[in-house]
Amino acid sequence: STPSSAGATPPSGASAQGKLQGAGSSSTRHAIMLQPARSRTHTRDNELAAVEMANSHTMVDQVDVVAIDRIFSNSTYLGADAIVVFVTHLCMVSREELEYPTDPQVYSLQKIVEVAYYNMPRVRLVWARIWEVLGEFFTEVGQHRNLSIAMYAVDSLRQLAAKFLEKGELLNYQFQREFLKPFQDLMAATASLEIKDLILNCLGHMIQSRASSIRSGWSSLYKVFELAAYDRAPTIARTGYDLVCSTIGEDSSQHLRDHHVSCVACVIAYVRQEHHESIALSACDTLLLCVKLLHDVEPAELRDAAATFSPAAPSAAATDADAADLPAHERLWWALVECLSSSVRDDARLAVRTAALKALSDVFAAELREGGALGGPFGVRVFRELGLAMMDGALLRDAENALSPAQIEWVQDTGLAVVSGLERALCAAYAMLADELDDLIALLVRCLHQRQHGGLAHVAAESLLHLVRETGANFSQETWASICHELKSCFEAKGDAEAAVHEAGGASMAVSPEGGECGLIREVSLKVEAEAPEGSGPHELQVLMLSTVFQLLQSMHSSMKLADVDGLLNSMHAMYEKANRVLQDALSDEVAEEEQPSESALAEASHLKLESMSFYLQILFPLYARLESAASVPAKNAEPPALGSEEHTLLIAAAVEYRLVSFSLHVLRDFLKLREVAQANPADGARAQLASRALRELEPTVVTLLQGLLSFHEWQFAKHLPAFYPLFVDLMHCDSKEIRGVLREVFSQRVGLILQQQQA
């Protein structure tokens, strides 16, 4: 007979057990011969399992399935505490079912999904307690070793999320963020690419179909995409990035509302990630699009959201610490600029550094101004701590330490553009960044001081001149004094370095006993020659310094104090003197042969002498030409005239008169002395050859000098003719046709006219 209750099950089970035992008796005797100890235990386990299975089938046959379903559907009638307990124990049962190694069951897992559906209309606070249990459970099941079960859990999450998003979110509550958080937790925990890809696809479908319903859920979504950014798998990172881009656009401001902050943090993660260069390059452009969107958002709208800004970038902790004292909305802009700045400074990929620098320049151009997002004291701090700091890692403050090969490569590929970009940014926002002028000048001077990268010194010089031309009219006297002092320090620093090399035996050149304000030419040591890039020797950098000072004096002398003008002119003249002394030592009979300068030192000294003469005369002649005969020059003891005034210009012109005349006389005497040395020594001798070569090189400068004297005002020429006339006569005997041609003009146009006037 069929049993009417569970109580009838044991006999049926016993009968089945006896049949199983009987069936196994013969096999047992056969197994005893092979494994007498193990086979009996193994057989008993099989028998017990068979009995349990038979009992289970009997119980199932007696249970009303509809009644069981009502247990779950009627869970809506349970109280707030009871439903939480019910769900907790249902999850425990499901865990046990899923732990079966060979045949895990999903019955309770399916019922959990149904219970979640049935109880979703509950009061939100109660539902939050339920979801706290379910979210942890789904995160755990999503990592199941059986991929099918893990994917089933993720798909169940997707269905529940879609259902939950159909309900509007209450004001001042963030239930959506908590509801979608299991996706974030699972994305961070799982190592399965299939699960990560499924999560991203589920969220992509959710955005496509329910974007208008998402409120606080954007925070969790962007956290998931941010985690995808740092995944090594290109498919995961690319899918996540594409989803981020799909949420950013002209129409995104409405549905993103106060989640611009999470969006920016996510894009920052894609810029910082180190595994996918193409994505990082694209993310720099996307970050610029975010800047445009943020520009139209009022700071008040960002204030509350930015208070929770916490990017998952590796340097997030340092960033947060640096910006901890800033208002919430400024912390967002700080993080954005810091991302680009650190990428320029630290990223190993040249293409990413270039893209980040371009993006940073665009941000500065658009927002680093009064009224911009980077305006006021906040913008000044950003420029100082994030802009100028980009050069700290690549440019050592101690000039005696050599730059590493990596630093030199960074300077060549990125640093040159950084220096130029910082100078242009300060010029564009000078009214706001005027206080940072001294720091920028100090940076440019450091670039001029270093002797390992000629290109960096050239860019620094060009930037300094551009800075002076663009903003020099607004400089105070203190600023001009600082600039002149820094420029003179460049000459002095080079002089110290060269003296040190001389003492070490690196170059056999005489060192000026005066100490001086400029550097003596020195030969580059073998180590520096081997490591420094082409064109970066001291000689080239000194010529660059001469050019820089010349252009500065040429364009801005009227804005500088007389003492500063004299100081820079002294530096140029001192460089000429020391270069000329090297040549004089080579021509002298008093210097021992073993102490003579090397050929390379002579070549550099000769070139530097000519360059310094040219720059010096080019600045002196125009200045002296401003002095008219009827001009009223301020007395030395009088109060200094205002900078930029006509009286100030006349004061400078009068001050350079003695300097110009004495230097011109010196150059002409030097030319005649070289001619004597060349004629007094055998033609094939070393000194005669050196003097002849120096004459040929000096000839164009002498022609230029004579033409300058020819352009003197009449009263100027007449005043100084007695000093120049004997030299003019001696020069008429030289072999140069060009010099004799200019002298003929001098005698016919100026000297003859003066003599006629005197006779009359």
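Throughout, residue positions are numbered sequentially from 1 according to the sequence presented.
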query: Between K609 and D670, is there a side-chain N and carboxylate O pair less than 4.0 Å apart?
result: yes

Contact summary for W715 and L627, nearest pair of heavy atoms: CZ2-O, 3.4 Å

message: For a quick check under 3.5 Å, do E604 and S600 share a side-chain donor-acceptor pair by atom type?
response: no

query: How long is the gap from CZ on R693 to CG on L674, to the nearest 0.5 Å?
result: 11.5 Å

task: For L433 and A425, work out which heavy atoms get closest and say how close.
output: CD1-O, 4.1 Å

- prompt: Is any side-chain N of the basic residue among K358 and D362 closer than 4.0 Å to the acidic one's carboxylate O?
  reply: yes

message: Run the side-chain hydrogen bond (donor to acceptor under 3.5 Å, both in side chains) test against R369 and tell me which residues pass, sequence neighbours left out.
response: none

- prompt: Once the angle between the rings of F663 and Y616 is folded into 0 to 90°, is it parallel (under 30°), tilted (30 to 60°) or perpendicular (over 60°)?
  reply: perpendicular

Residue pair S547 / Q551, side-chain donor-acceptor N/O under 3.5 Å: yes

Residues which pass side-chain hydrogen bond (donor to acceptor under 3.5 Å, both in side chains) with S736, listed by chain and number, not counting sequence neighbours: E699, E738

task: Determine the minimum heavy-atom distance between L706 and V746, stating which atoms define it.
output: O-CG2, 4.5 Å

task: Search all heavy atoms of V703 against all heavy atoms of V742 and return the closest pair with its distance.
output: CG1-CG2, 3.9 Å

- prompt: Hey, are R659 and D566 close enough for a salt bridge, meaning a charged N less than 4.0 Å from a carboxylate O?
  reply: yes

field: By ring-ring contact (aromatic ring centres under 6.0 Å, His included) - contacts of F615 (at least two apart)
entry: F550

message: More than 12 heavy atoms of other residues, nucleotides or ligands under 6.0 Å from CD of E714: yes or no?
response: no

Side-chain atoms of residues 718-725: list all donor-acceptor pairs with protein atoms under 3.5 Å, sequence neighbours left out, distances to 0.1 Å.
unit_1, atom_1, unit_2, atom_2, d
K719, NZ, E657, OE2, 2.8
H720, NE2, Y624, OH, 3.4
H720, NE2, E657, OE2, 2.9

task: State whether the side chain of R424 and the backbone N or O of S463 hold a donor-acceptor pair below 3.5 Å, judged by distance alone.
output: no

- request: Working to the nearest 0.5 Å, report the span between NE2 of H453 and CG of L416.
  value: 5.5 Å

For a quick test of your reading: what N or O donor-acceptor pairs under 3.5 Å do the side chains of residues 640-653 make, sequence neighbours left out?
unit_1, atom_1, unit_2, atom_2, d
S645, OG, A642, O, 2.6
S645, OG, H648, N, 3.2
H648, NE2, M560, O, 2.6
T649, OG1, S645, O, 3.3

task: Could I get the full list of ring-ring contact (aromatic ring centres under 6.0 Å, His included) partners for H466, not counting sequence neighbours?
output: none

